[in-house]
Amino acid sequence: MKLDVLKYPDARLRLKSAPVERITEEICRLAEDMVETMYAEDGIGLAAPQVGRPLRLVVVDLSGPSRREAATVYVNPELEILGEETQESEEGCLSVPDLRAVVKRGARVRIKALNLRGEELVEEADGVRAICLQHECEHLEGRLFLDRLSRLKRNLYNIKRKKILTGDDA
Ligand code: NI
């Protein structure tokens, strides 16, 4: 089932998510619905707080919405940035409509999480995958990529967003 994605400035996007205590059938269904939602919205990643569930659960599929062949589910992910090297790339977010902006992040990461069978998975990533994992895990802390932009860029976006939300975007 496709879920509704919360949009900035919805206050629920700012909640710190709680750990998943037990991988129940409900959690598995939520993960499945999140993958479906990510595909339907043309995204490559989605975090549970974006669908109004403040839980530490993230889905990623870098193969993209058209191929849909490599969805990974991360339960209670712990992300570590490896080394000092950084990379910059243009990001967007399903919860932050009409904004793409260049963000600087760590070049390499290690992520530890559980899969839906409760097995521990450890993965090292670089490139787009490292960016995506950092972006999604930030959602679990109530942070958005927007927070990493300059105040000027954020203000411009806030003005644009307000106009759209009040229907005053002529
Ligand atoms: Ni996002």
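One-based numbering, in listed order, for ligands and for the atoms of each.
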A.B. asks: Taking atom types as modelled, is there a side-chain donor on Thr72 or Arg129 under 3.5 Å from an acceptor on the other?
C.D. replies: yes
A.B. asks: Identify the residue among Glu88, Glu91, Glu138 that makes a salt bridge (charged side-chain N to carboxylate O under 4.0 Å, His left out) with Arg148.
C.D. replies: Glu138
A.B. asks: Measure distances from the Ni ion (ligand 1) and count the protein N, O or S atoms below 2.8 Å.
C.D. replies: 3
A.B. asks: For Tyr74 and Glu136, test the side chains for any donor-to-acceptor distance below 3.5 angstrom and give the result as yes or no.
C.D. replies: no
A.B. asks: Any side-chain donor-acceptor pair under 3.5 Å between Glu69 and Ser63?
C.D. replies: no
A.B. asks: Step by step, work out the side chain to side chain contact (heavy atoms under 4.5 Å, CB included) result for Ile44 and Val60.
C.D. replies: CA-CA 6 Å; Ile44 55 170; Val60 166; 5.9 Å; no
A.B. asks: Please determine if Arg108 and Glu124 form a salt bridge, counting it only when a charged side-chain N lies under 4.0 Å from a carboxylate O.
C.D. replies: yes
